Amino acid sequence: MRQSVQQRVVGAVVAFAALGLVACGGGDATVRGRVSDGAGTQAQGVVQAQGGFGGSGTVAAASQVRVSSVGAGGALQTQAEAQVQAEGRYELSVPAGEERLVLQAVDARGQVLASALLETSGKAGDTVTAPPMDSESSLEAEVFLQMVKDGAKAEDTDTVDLRARLDARIAKEVRKGTAAQVSAWLKALAESTRAAQEARVKALAKAGVQTGGDALFEAELSAAAKLNASLDAGSNVAQAYETFYAELAAAVQKAGAEAQEQAQSESSASAAFRVSLEAQLPSQDAQPLVDAAVRAAGSLEARSSGAAISALLQAAGATDAVKTQAANAALQLRSQVDSSGSAGVAAQAFSTFSATIATDASVQSTVLGNFLGVNAGTSAGVTLALQAASSAGAVLDSTLDIAASGAVSTAGGVDATALATGTADAYGTFATGLRNQASVLSAFGSKSTPAMELLIVAEGSFAAGN
């Protein structure tokens, strides 16, 4: 249906107001931040230098900071510049209402030393804190620019989600590469991040949550702003990220996604990311980078899977003992994935988690078994449910393989949208199929539905997809 001129004008005003442009009425905001010699904040260990990715000596060499908006093809349009002050501090006056800005620290010759993403400049008169410019933030900015260069629309890209997906473990490996390797790795990370974000949105749609990258980005702005302020102040980093991830989950919940739906969408995103990256970077020299990126994806998925299990048990009125058992399993999963040295170890950690939650042969000792109070007289239905879950999991892996085959070319190129669609469809079919089997647990009454949801999370986490 065509809109009237008046409808289009009203729609445009609403859209601009959402960006804070009408409310601010023009004018400038102040952006404050600092250049850092650090590796990053989500993980540690950067030891080798790669130009443009920060690290030791950046503060001493930086003379100026510039902030730019990102146009078509990744073209940068400078909005403001300022001199770097003592201890790497800077302050800029930036047009209000700008979003998805790129900050760059440059030396006296104009060479980029480090960079970072700034989600928004805020309203006129606001003072906004930027994240510290380090190796991790530089990787995030470079991947965003590569995504736009490769055809993604800046305004549809969720740069808050991007920052959650990329960490200092990945930056560490990128900095070890040659110029040619870094170029290829950035392109692969950009395409894989795009596939992950599209898969996440499509999986949410499968669950009935109609949203998009831009809408999620807007909902997540406050979480990013709080994280930026905490990192700039040098606050407890671990606690800052715990708060950040909790607020990201709350933002998606406000969009209509419950914890188990978020877990399914993150599993879809994780699978798409891993398939894409492994297809594009099959060579041995890229394996450390791939391992680091797979573990980063696993960390996000571990967090969402654990949160879904806890939310399901809480809503179902599980005993404290059962909730504690589940919480301990989730904590162990996150610890093992974060400390793992390879993607294979991370995958094994998920297998252990799934077994502890539901799929172990000694079902009576699992979270599922304890939640249901399984005994010899009621074990038959649970056995049928476990068999259904195992069969559905095998079909999920097979369907993900088919989706990967259709989206990945023999040369290693990836159709991010096709991969995202196939992955989200595979997870949607998997979940629907298992929910249709809930009747096998009918002996457990009102517990049958949450029990099947527990199985869906346990069996569906960190599916292979390749």
Side-chain angles (χ1 to χ4, degrees), residues 39-43 99-100 116-120 130-132 134-144 147 152 156-172 174 189-190 192-201 203-204 211-231 237-255 257 259 262-274 276-277 292-308 334 337-338 346 420 462:
T41 49
Q42 292 192 70
E99 292 187 332
R100 299 175 180 86
L117 293 171
L118 179 64
E119 287 74 25
T120 178
D134 53 31
S135 297
E136 180 184 349
S137 71
S138 299
L139 174 67
E140 293 159 357
E142 291 294 336
V143 169
F144 172 55
M147 290 173 71
D156 291 337
T157 302
D158 185 351
T159 55
V160 181
D161 174 83
L162 182 154
R163 289 180 61 190
R165 294 191 184 283
L166 303 177
D167 62 21
R169 288 174 293 195
I170 306 173
K172 170 185 175 180
V174 169
L189 286 167
S192 301
T193 300
R194 182 175 180 178
Q197 293 192 348
E198 290 192 20
R200 179 192 184 206
V201 169
L204 288 172
T211 187
D214 181 49
L216 289 171
F217 166 81
E218 295 291 341
E220 296 160 350
L221 284 178
S222 63
K226 186 177 292 185
L227 176 65
N228 292 346
S230 295
L231 297 179
V237 170
Q239 185 56 55
Y241 273 101
E242 285 298 321
T243 301
F244 175 60
Y245 288 122
E247 291 189 352
L248 291 187
V252 182
Q253 185 176 27
K254 287 181 180 178
Q262 292 189 45
Q264 184 174 319
S265 70
E266 189 52 52
S267 290
S268 298
S270 173
F273 181 88
R274 290 180 278 120
S276 174
L277 197 67
V294 167
R295 285 153 49 209
S299 292
L300 281 182
E301 191 172 358
R303 188 177 293 274
S304 65
S305 294
R334 285 170 51 188
V337 171
D338 286 339
F462 213 68

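From a predicted model like this one, the values you see are computed outputs, not experimental measurements. Computed over heavy atoms, backbone and side chain alike; hydrogens, waters and symmetry mates excluded. Residues: numbered from 1 along the sequence shown.
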Peer 1: Looking at Phe462, I'd like to know if the NZ or CZ of Arg274 sits under 6.0 Å from its six-membered ring centre while staying within 45 degrees of the ring's axis.
Peer 2: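 Here Arg274 passes the 6.0 Å and 45° test against Phe462.
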Peer 1: Within the distance-only criterion (no hydrogens, no angle test), does the side chain of Glu119 pair as donor or acceptor with the backbone N or O of Ala224 below 3.5 angstrom?
Peer 2: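 No.
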Peer 1: Assess, by modelled atom type and distance only, whether the side chains of Glu301 and Ser270 contain a donor and an acceptor separated by less than 3.5 Å.
Peer 2: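 The answer is yes; a qualifying pair exists.
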Peer 1: Search all heavy atoms of Leu300 against all heavy atoms of Ala164 and return the closest pair with its distance.
Peer 2: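 Closest approach of Leu300 to Ala164, heavy atoms only: CD1-O, 3.8 Å.
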Peer 1: Quick one: does any side-chain atom of Ser137 pair with a main-chain N or O of Asp134 as donor and acceptor, under 3.5 Å?
Peer 2: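 Yes; at least one donor-acceptor contact below 3.5 Å.
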Peer 1: Measuring only between side-chain heavy atoms, which start at C-beta, is Glu266 closer than 4.5 Å to Arg303?
Peer 2: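 Glu266 does not reach Arg303 side chain to side chain.
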Peer 1: How far apart are the C-alpha atoms of Phe217 and Thr157, what are their side-chain angles, what is the distance that settles it, and do they pass the side-chain contact (heavy atoms from CB on, under 4.5 Å) test?
Peer 2: CA-CA 8 Å; Phe217 166 81; Thr157 302; over 6 Å; no
Peer 1: Establish, from distance only, whether the side-chain atoms of Asp161 and Gln197 form a donor-acceptor pair under 3.5 Å.
Peer 2: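 There is such a pair (donor and acceptor under 3.5 Å, judged by atom type) between the side chains of Asp161 and Gln197.
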Peer 1: Over all heavy atoms of both residues, which pair between Glu220 and Ala251 is shortest? Give the atoms and the distance, please.
Peer 2: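 Nearest pair, atom of Glu220 first, then Ala251: CG-CB, 4.2 Å.
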Peer 1: If the plane angle is over 60° it's perpendicular, under 30° parallel, otherwise tilted; pick one for Tyr241 and Tyr245.
Peer 2: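 Tyr241 and Tyr245: tilted rings.
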Peer 1: Test side-chain contact (heavy atoms from CB on, under 4.5 Å) on Arg169 and Asp338 and set out the steps.
Peer 2: CA-CA 10 Å; Arg169 288 174 293 195; Asp338 286 339; 3.9 Å; yes
Peer 1: For the side chain of Gln262 and the backbone of Ala257, is there at least one donor-acceptor N/O pair under 3.5 Å apart?
Peer 2: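 Yes; judged by distance alone, with no hydrogens or angles, the pair exists.
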Peer 1: Any side-chain heavy-atom pair from Asn228 and Arg163 closer than 4.5 angstrom?
Peer 2: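 Answer yes - side chains close enough.
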Peer 1: Taking all non-hydrogen atoms of both residues into account, name the closest pair between Ala171 and Ser135 and its distance.
Peer 2: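 Result for this residue pair: CB-O, 3.7 Å.
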Peer 1: Kindly indicate, with the supporting measurements, whether the criterion side-chain contact (heavy atoms from CB on, under 4.5 Å) is fulfilled by Leu162 and Arg100.
Peer 2: CA-CA 11 Å; Leu162 182 154; Arg100 299 175 180 86; over 6 Å; no
Peer 1: For Ser268 versus Ala203, what's the shortest heavy-atom pair and its separation?
Peer 2: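 Looking at all heavy atoms of both residues, the closest pair is OG-CB, 3.6 Å.
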Peer 1: Do the non-hydrogen side-chain atoms of Val252 and Leu216 ever get within less than 4.5 Å of each other?
Peer 2: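 In contact.
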Peer 1: How many angstroms lie between atom CD1 of Ile170 and atom CZ of Arg295, to the nearest 0.5 angstrom?
Peer 2: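 Going from CD1 on Ile170 over to CZ on Arg295, the span is 9.5 Å.
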